[in-house]
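Every chain is numbered from 1 and lettered A, B, ... according to where its sequence line falls, protein lines coming before strand lines.
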Amino acid sequence: MSTSAGHGAAVRIAACGKTFADGTRALEPATLDIDRGETLVLLGPSGCGKTTMLRIIAGLELPDTGGKVLFDGKDMTSVPIERRNVGMVFQSYALFPNMSVSDNIGYGLKIRGVPNEERAARVAELVALTNISGLENRRIDQLSGGQRQRVALARAVAIRPGILLLDEPLTALDAALRDRLRGELNRLLRALGITTIYVTHDQSEAMELGDRIVVMQKGTIAQIGSPREIYFAPKNRFVAEFIGAANIIEAPIEGGQLVLPGGRQPIGGDATVSAAVAMIRPETIRVVEAGSAPLSGLIDSVSFIGDRQRMVVSGVSGKLLTVDAPNAVVAKAGERVGLLISPDAVRLLPPES
Amino acid sequence: MSHKFFVWLCLLPLAVVTVAFFLLPMARLVVTGAEGPQGLAGYLAILTEPRYRATLINTVMLAAATTIVTLIVATIAGMFLQRHRFPGRAVLIAMLTFPLAFPGVVVGFLIILLAGRQGLIGDLSSRLFGERLVFAYSIYGLFLGYLYFSIPRVILTIMAAVQKLDVGLEEAARSLGASPWAVQRDVVMPALAPAFVASGAIAFATAMGAFGTAFTLATNIDVLPMLIYTEFTLAANFSTSAALSVGLGIITWFILAIARSFSGSAVAAAG
Ligand SMILES: Nc1ncnc2c1ncn2[C@@H]1O[C@H](COP(=O)(O)OP(=O)(O)OP(=O)(O)O)[C@@H](O)[C@H]1O
Ligand SMILES: [Mg+2]
């Protein structure tokens, strides 16, 4: 096993749209390049077309005419899934109930005519890799959700696929287990280094796992970028609000400053416009003594979360402003505070379309 | 009133029905079977007497063939009907299930219309080859009748089972490289096994005991229910007909038990 040197195939999706038989337009024609060994996350709210995109790459759906799917430059559009050499993990896991755990993991190898001994060795390797030793002879209905998830992953990886496709593999699990498996999955994907396309609607999952994230909105690609880019430089309001918490402020601009009820806030970058929609992340706002900052407001509420505290401040902008302050800051509801925001932390978004 | 007492009270009607309509007549039947001139050996006659034995073998073979062919036809048709949407589908399903209400006599009648002396197939073959093809009164006519009788029942069960199949399993198998045949063999058939056993058992038992069709067609076929009828009404041979009845019941029950235990592991796994 090597590090993320880049295994598997590079994927190109060219102008792939999808209109279902009943007329539902699930995907607008989209073009997307995925590098060898990269982990790409498709992220978006329910019904935005993530699964549809994944199924087109897998070969379970045909794109509308004109769309093409290429693996390593080879046109795969009309190649059926059984000859695409992709590993798939389904949300429901889709493990074969009539086979034992090891038969499930070895199924793809059996279909390929891999001799028994070699197959057993590969199954043993994957059992160890996915931490399910001792369960080899269990039936599927004798496994917990987390164990099923591991078996599904082992089964998909066993065939040494060129591309690994995962459709919300952790959604069916409870929160604590999800967090643990997410880390485990991350290490495993890095170790395998296979080109991976991972569908989720959970932004923290996307951040942790993705080399790049594709944010989708109603069948279109809203933004493609690294987790940092997506978080700090969202291209529009939808992305800003979908990823993490965001304060969206609409205000006029005068002399490179946002003019707000609570004072004036300098902004970086393009200051020539006369009005803007600005995004400010809650954790970029510093709470200081009232009067020692250009902005001030009245604390509405404080909720202590542990590693930080979330304050809601009124009177700064037209709406309530969310502020994440370090847990050491002492402030009570009803107090007047000053708010210090670096000009770089104010991100101007295009006016709403 | 205690909870336990209440449960027992609810079981009372079941107990009465079981005793009155099931246990008592069955016991009487078993006793009658042993009351012939040969006594208990009357039961042995089912197997030793050549005519009885031949009839028994005929019946089992016919029922087995009916079950197998019905399952094959109904599985292919049921799968297709459940998985495809096409104009006229609802009408087709309605027509397929139309014969459900027909008694065996009507089915026999239909077979005569189809393959009897004045039948459709006869007309056609005499026009094409100059020879009348008549098989309604043979074991093939009976076989056709039984098929006609059991296919609609089995199709409905299979369709319901196909509807419950998890398409994700088939897609998973395909993603692992399974050809369409391999998907059927490794995923679909095992998942349908419980439906095969349930509907196959009904088809088999029905074919073992079907009387109306055999009676309508009967010229040169001997099946167990017909034999029981002749022994009972024509020969007034009560003890033999009782012994044959008990034999019919036990043999059918035994074969079904074997089928169930064979598919038991598959059923448990797919359950
Ligand atoms: N077979 C189908 N026929 C018609 N419409 C469909 C079909 N499959 C999906 N759709 C529609 O296409 C759109 C996108 O569906 P898709 O399953 O790709 O969403 P998703 O982003 O995966 O959502 P989720 O997070 O809920 O899984 C939805 O509006 C859905 O209703
Ligand atoms: Mg989905």
Minimum-distance pair of heavy atoms, taken over all atoms of A:A94 and B:A172: O-CB, 3.8 Å
Pairwise side-chain contact, A:F96 with B:L176, heavy-atom cut-off 4.5 Å (strictly under): yes
Part of A:L95 lying under 4.5 Å from any heavy atom of chain B: backbone
Side chains of A:I159 and B:S175 in contact at under 4.5 Å (non-hydrogen atoms): no
Structural part of A:R83 lying under 4.5 Å from a heavy atom of chain B: neither
Any donor-acceptor pair under 3.5 Å from A:N98 side chain to B:D186 backbone: yes
Interface residue of largest heavy-atom contact number with chain A, from B:G168, B:A178, B:S179, under 4.5 Å: B:A178
Greater than 12 external heavy atoms within 6.0 Å of B:F98's CZ: no
Enclosure of B:M189 CE (heavy-atom neighbours >12, cutoff 6.0 Å): yes
Value rounded to 0.5 Å, distance of CD in A:E82 from CD in B:E171: 11.0 Å
Toward chain B, the part of A:I111 with a non-hydrogen atom under 4.5 Å: side chain
Heavy-atom pair count under 4.5 Å with chain B, highest-scoring of A:R84, A:R155, A:M88: A:R155
Closest approach of A:Y107 to B:A182 (non-hydrogen atoms, all atoms of both residues): OH-O, 3.8 Å
